[in-house]
Amino acid sequence: MTRLARRALLAVAALAAAALPAAAQPFPSRTLTVIVPFAAGGPTDTVTRLVAEAMGRELGQTIVVENAGGAGGTIGAQRVANAKPDGYTLLLHHIGMATTPTLYRRLAYDPVGGFETIGLVTEVPMTLVAKKDFPANTLAEAVAVIRRDQEKLNYANAGIGAASHLCGLLLMKAVDAPMTTVPFRGTGPAMQELLTGRIDLMCDQTTSTTEQIKSGAIKVFATTTPERAAALPEVPTSTEAGLPEFQVTVWHGLYAPKGTPAEVTGRLSKALQVALADPKLIARFAKLGTAPVAAAMATPEAHRKFWLADIAKWKPIIQGAGQYAD
Ligand code: MLT
């Protein structure tokens with residue numbers, strides 16, 4: 001075949017491919033967007049950027065990370081619930097997807113029925129941390145200060161529905177003393193206020209606190225998981241430190257709008273599993289005190305089963321605390 005003929009053939013093939021309706025092009029055929037429902041620089045943002053980079057490599061497309069913080073994550077979640085169900089707009093959220101259905105009774109979107117699941121991503125311990133000059137060095141001493149000073153203390157969270165909100169709810173219930181809650185669009189900005197000492201206490205994920213704790217910029221009293229955090233072996237668990245009921249592990253999961261085709265969520269789930277097996281991502285997660293879930297949990301079915309069970313787990317606890325957002 002002459003070079004000219006070959007060129008003509010390739011041009012025709014390219015034209016034909018371009019003329020193919022988008023639906024016929026294999027997914028994905030263009031850039032994707034993943035919404036993080038919290039501010040940049042926080043733990044969910046950190047996890048999402050690492051996963052988006054690795055998944056993008058596997059999918060052969062760029063995945064843009066967009067932060068839509070506020071209202072405990074419900075603003076970003078609503079964005080995705082209302083997005084076109086074509087797989088190009090995704091949500092990376094966390095345990096807040098299990099507490100929001102009970103905490104909010106009048107949302108403008110369906111916090112469960114509005115989403116397809118793609119797969120779980122990771123599970124992260126939380127740490128109870130305080131400003132550098134907080135007048136306590138152990139969990140027992142911190143509890144005594146909380147019981148003595150109560151609302152004089154500023155406790156930061158990322159709004160009702162956030163992991164830091166749930167952790168605060170469990171802490172204040174366990175010590176039976178209220179504090180003044182100061183909401184932020186994410187724990188990224190809240191951490192800045194803790195570092196300056198304008199905030200007294202906060203509960204945040206090891207993906208955000210590990211480096212600050214190791215540098216001595218903030219104090220830590222306990223982790224909220226049954227086992228010590230791998231990145232913080234010197235920090236006692238809440239059980240070891242005398243507050244066994246103060247337990248929470250923050251899981252993260254990837255979602256798409258309701259109606260996204262199963263072959264698309266299946267393709268995304270496959271890419272997620274490849275990303276979570278990536279040695280570079282695993283090493284980054286380990287430095288941040290977390291690890292990917294097992295591949296079997298990074299599927300739409302396993303994610304949905306886990307999510308629905310977690311909604312049922314937190315419902316009576318939230319109702320018992322009587323803390324509703326509306
Ligand atoms: C964040 O990324 O800011 C956090 O996940 C917020 C939270 O849920 O506490």
Side-chain angles (χ1 to χ4, degrees), residues 33-49 64-84 89-117 121 124 126 154-173 178-194 198-199 201-205 207-208 248 250-258 307 310-311 314-315 317-319 321-326:
T33 300
V34 59
I35 304 287
V36 173
F38 297 103
T44 310
D45 186 59
T46 303
V47 165
T48 304
R49 287 177 193 278
V64 172
V65 176
E66 201 179 311
N67 299 88
T74 59
I75 291 175
Q78 181 172 354
R79 272 273 305 280
V80 177
N82 296 341
K84 192 170 174 212
T89 307
L90 307 173
L91 173 72
L92 202 146
H93 202 341
H94 59 33
I95 193 171
M97 290 290 274
T99 57
T100 294
T102 306
L103 286 164
Y104 288 79
R105 295 168 293 189
R106 281 181 286 277
L107 283 169
Y109 67 99
D110 182 340
V112 181
F115 301 94
E116 304 291 351
T117 49
V121 174
V124 187
M126 297 199 86
N154 287 332
Y155 173 87
N157 73 21
I160 296 179
S164 46
H165 164 262
L166 177 61
C167 193
L169 182 157
L170 295 172
L171 174 66
M172 292 182 228
K173 189 163 171 271
M179 290 183 273
T180 297
T181 297
V182 184
F184 292 80
R185 298 170 73 81
T187 50
M191 178 62 79
Q192 298 314 310
E193 295 301 289
L194 190 74
R198 282 192 286 271
I199 285 290
L201 286 158
M202 177 165 80
C203 213
D204 200 9
Q205 298 155 60
T207 32
S208 246
V248 60
V250 180
W251 55 268
H252 289 80
L254 194 57
Y255 294 86
K258 179 70 181 169
W307 178 31
D310 215 44
I311 294 173
W314 291 111
K315 189 169 185 168
I317 293 166
I318 291 167
Q319 290 173 329
Q323 275 198 26
Y324 298 103
D326 52 17

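Take K315 and apply the salt bridge (Lys or Arg N to Asp or Glu O under 4.0 Å) test, not counting sequence neighbours, and it matches no residue. Partners of R106 according to the salt bridge (Lys or Arg N to Asp or Glu O under 4.0 Å) rule, which considers only residues two or more places apart in sequence or in another chain, do not exist here. Residues forming a side chain to side chain contact (heavy atoms under 4.5 Å, CB included) with S208 (at least two apart in sequence, or on another chain): P43, D204.
Looking only at distances, a side-chain donor or acceptor of Y104 sits under 3.5 Å from a matching main-chain atom of I160. Of the possible polar contacts, one joining the Y155 side chain to the G168 backbone as a donor-acceptor pair under 3.5 Å is found.
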Identify each donor-acceptor pair in which a side-chain atom of residues 70-79 lies under 3.5 Å from a protein atom, sequence neighbours left out, and give them as a table.
residue : atom : partner : partner atom : Å
T74     : OG1  : A71     : O            : 2.7
R79     : NH1  : E66     : OE2          : 3.2
R79     : NH2  : E66     : OE2          : 2.7

Worked check of side chain to side chain contact (heavy atoms under 4.5 Å, CB included) between H165 and L103: CA-CA 11 Å; H165 164 262; L103 286 164; 3.8 Å; yes
Trace of the side chain to side chain contact (heavy atoms under 4.5 Å, CB included) decision for W251 with W307: CA-CA 9 Å; W251 55 268; W307 178 31; 3.7 Å; yes
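Across all their heavy atoms, T100 and P111 have their closest contact at CG2-CB, 4.3 Å. Here the closest heavy-atom approach between residue L194 and residue I199 is recorded as CD1-O, 3.5 Å. Across C167 and V248, no two heavy atoms sit closer than the pair SG-CG1, 4.1 Å.
Using a 4.5 Å cut-off on side-chain heavy atoms (C-beta onward), T44 and H252 make contact. Looking only at side-chain heavy atoms (C-beta outward), V80 and Y255 stay at 4.5 Å or farther from each other.
For residues 185-194, the salt bridge (charged side-chain N to carboxylate O under 4.0 Å, His left out) pairs, not counting sequence neighbours, are E193-R198. Applying the salt bridge (charged side-chain N to carboxylate O under 4.0 Å, His left out) test to every pair with at least one member in residues 91-102, sequence neighbours left out, gives no pairs at all.
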